[in-house]
Amino acid sequence: MSTKEQHHKLIILGSGPAGLTAAIYAARAILEPVVVSGREAGGQLMITSDVENYPGFPEGIMGPEMMDLLRAQATRFGTEFFSGDVVDVDLSERPFKLTLENKDTLSCDSLIISTGASARWLGMDSEKEFSGKGVSACATCDGFFFRDQDVAVVGGGDTALEEALYLANICKSVTLIHRRDEFRGSKIMQKRAINHEKISIFWNTVVEEVLGDPKAGMTSLKVKNVKNQEVTEHPITGLFVAIGHTPNTKLFKGKLNLNENGYVKVTPGTTYTSVEGVFASGDVQDHVYRQAVTAAGTGCMAAIDAERWLAEQNG
């Protein structure tokens, strides 16, 4: 049957922890959900090696393996999956209409948006080469692996300052690398970072290259002072890139209420968006915690919100 002819009670966009948890709950509520998994099925955990902080896995678990388990669980209860991306959405009336890459369309009575957010990277080849082998975009996810080591954080906003302070409790030393001569973060966070005995700051500095053995891991970091062009190398075994995240909400600009940074606005304490029947879960609406477990929690909330909302419509 062509997707052009298909209508569904509930469609979930995204197949990370939020989307798959929403699918598990929705499928068990007999909503027969459809997950459009996107080109990067599984979300950010697909490029995460060891996940040690998700409850229930005392020995840790590899990110891709965890996503395979969540997908299998959603499939067991009857979730249907479509691969590929949605290229257009019409939320102006119900049923909502979604256009896929191959120009087929899906329609649905309710929609859960779990498209996540993408970490911004510096754009270096060596950064990609050492991703998961010394380079990370999440201190609370990976900081534990670098305990008692010398690490660096790149960035100048609150996220970078928070990551540096968090890492200072775990690591031997933290070097904050910022391309300007003052931070953009809040004054209180700046003061804490500048005054911390374990944190040193490289002002007017950019990262040039991550060095080491791609198999064994990162061993040092090459940086350049943008004022005098001096290039230096430092024995650093972990690099945390904290220059922000971009929520995957391009599809929804002008169609849903987004905040100034592009995250979907939800009614506090719920997953309700500005359009009735549309819900949002995971990192697409959370710029604070950005953890697999919190994403899964809001995925559960979105499925329950959608189930109750659909019941009201049919009541």
Side-chain angles (χ1 to χ4, degrees), residues 3 6-23 25-26 31 33-44 79 81-120 244-290 294-310 313:
T3 54
Q6 288 198 24
H7 173 78
H8 305 275
K9 293 177 196 170
L10 172 65
I11 291 177
I12 299 164
L13 299 186
S15 54
L20 293 180
T21 302
Y25 274 79
L31 294 181
V34 164
V35 170
V36 182
S37 57
R39 256 176 277 173
E40 296 177 11
Q44 293 184 70
T79 300
F81 287 86
F82 282 99
S83 59
D85 278 345
V86 171
V87 295
D88 191 30
V89 296
D90 182 358
L91 306 179
S92 61
E93 60 180 357
R94 293 197 298 271
F96 305 122
K97 291 182 175 58
L98 315 176
T99 305
L100 299 171
E101 286 174 300
N102 63 2
K103 305 305 179 188
D104 283 351
T105 58
L106 297 170
S107 66
C108 58
D109 298 318
S110 59
L111 178 68
I112 294 176
I113 299 166
S114 305
T115 48
S118 303
R120 293 182 200 142
H245 286 72
T246 302
N248 300 320
T249 54
K250 191 176 177 183
L251 268 179
F252 308 106
K253 284 181 180 173
K255 299 173 183 180
L256 282 177
N257 285 350
L258 309 176
N259 73 10
E260 63 275 11
N261 294 316
Y263 289 86
V264 177
K265 282 186 175 181
V266 293
T267 302
T270 78
T271 62
Y272 280 76
T273 71
S274 57
V275 173
E276 197 175 334
V278 179
F279 309 88
S281 64
D283 288 11
V284 77
Q285 53 86 54
D286 170 24
H287 61 91
V288 178
Y289 300 105
R290 297 196 305 269
T294 50
T298 57
C300 160
M301 290 167 62
I304 292 171
D305 284 345
E307 177 196 0
R308 290 174 180 170
W309 181 83
L310 285 166
Q313 307 312 300

Note to self: Suppose we screen for side-chain hydrogen bond (donor to acceptor under 3.5 Å, both in side chains). Which residues come up paired with Thr21, at least two apart in sequence or across chains?
What the structure shows: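 side-chain hydrogen bond (donor to acceptor under 3.5 Å, both in side chains) list for Thr21, sorted by chain: empty.
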
Next item on the list: With sequence neighbours left out, write down each residue that passes side-chain hydrogen bond (donor to acceptor under 3.5 Å, both in side chains) with Arg120, or none if nothing qualifies.
Entry: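 Only Thr246 meet the side-chain hydrogen bond (donor to acceptor under 3.5 Å, both in side chains) criterion with Arg120.
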
Margin query: Using side-chain contact (heavy atoms from CB on, under 4.5 Å), reason through Leu13 and Phe252 one step at a time and then give a plain yes or no.
Written below: CA-CA 12 Å; Leu13 299 186; Phe252 308 106; 3.9 Å; yes

Under the 3.5 angstrom rule, does the side chain of [X] hit a backbone N or O of [Y] as a donor-acceptor pair?
{"X": "Ser107", "Y": "Phe96", "value": "no"}
{"X": "Asp286", "Y": "Val288", "value": "yes"}
{"X": "Ser274", "Y": "Asn257", "value": "yes"}

Report, one line per pair, each donor and acceptor closer than 3.5 Å where one atom sits in a side chain of residues 276-285; sequence neighbours left out.
from, atom 1, to, atom 2, distance (Å)
Glu276, OE2, Trp309, NE1, 3.2
Ser281, OG, Ser114, OG, 2.7
Gln285, NE2, Gly282, O, 2.9

Please give me the minimum heavy-atom distance between [X] and [Y], naming the atom from each residue.
{"X": "Gly269", "Y": "Met301", "value": "O-CE, 3.7 Å"}
{"X": "His245", "Y": "Ala117", "value": "CB-CB, 4.3 Å"}
{"X": "Asp85", "Y": "Glu101", "value": "N-OE1, 2.9 Å"}
{"X": "Ser83", "Y": "Ser37", "value": "CA-OG, 3.5 Å"}
{"X": "His7", "Y": "Pro95", "value": "CE1-CB, 3.5 Å"}
{"X": "Pro17", "Y": "Ala295", "value": "CB-CB, 4.3 Å"}

Notebook entry, point to check: Between Leu310, Ile12, Thr79, which is the residue that forms a side-chain contact (heavy atoms from CB on, under 4.5 Å) with Leu31?
Noted result: Leu310

Find the distance between [atom1] ([X]) and [atom2] ([Y]) and round it off to the nearest 0.5 Å.
{"X": "Ile113", "Y": "Leu251", "atom1": "CD1", "atom2": "CG", "value": "8.5 Å"}
{"X": "Tyr289", "Y": "Thr298", "atom1": "OH", "atom2": "OG1", "value": "12.0 Å"}
{"X": "Leu258", "Y": "Thr273", "atom1": "CG", "atom2": "OG1", "value": "9.5 Å"}
{"X": "Tyr25", "Y": "Ile112", "atom1": "OH", "atom2": "CD1", "value": "12.5 Å"}
{"X": "Asp109", "Y": "Ile11", "atom1": "CG", "atom2": "CD1", "value": "9.5 Å"}

Check: When you look at Glu307 and Leu10, which way does the side-chain contact (heavy atoms from CB on, under 4.5 Å) test go after all the steps?
Finding: CA-CA 9 Å; Glu307 177 196 0; Leu10 172 65; over 6 Å; no

Check: With a 4.5 Å limit on heavy-atom distance, are the side chains of Leu98 and Leu111 in contact?
Finding: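 When only atoms from C-beta onward are counted, Leu111 and Leu98 do touch, with a gap below 4.5 Å.
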
Next item on the list: Using side chain to side chain contact (heavy atoms under 4.5 Å, CB included) as the criterion, list what pairs up with Asn259, not counting sequence neighbours.
Entry: Asn261, Tyr263, Lys265, His287

Next item on the list: Report the C-alpha separation of Leu100 and Val86 in whole Å, then their side-chain angles, then the decisive distance to 0.1 Å, and conclude whether the side-chain contact (heavy atoms from CB on, under 4.5 Å) test is met.
Entry: CA-CA 4 Å; Leu100 299 171; Val86 171; 3.9 Å; yes

Item checked: Which residues share a salt bridge (Lys or Arg N to Asp or Glu O under 4.0 Å) with Lys255, sequence neighbours left out -> Asp88

Checklist line | Residue pairs fulfilling salt bridge (Lys or Arg N to Asp or Glu O under 4.0 Å) with at least one residue in residues 90-99, sequence neighbours excluded | finding: none

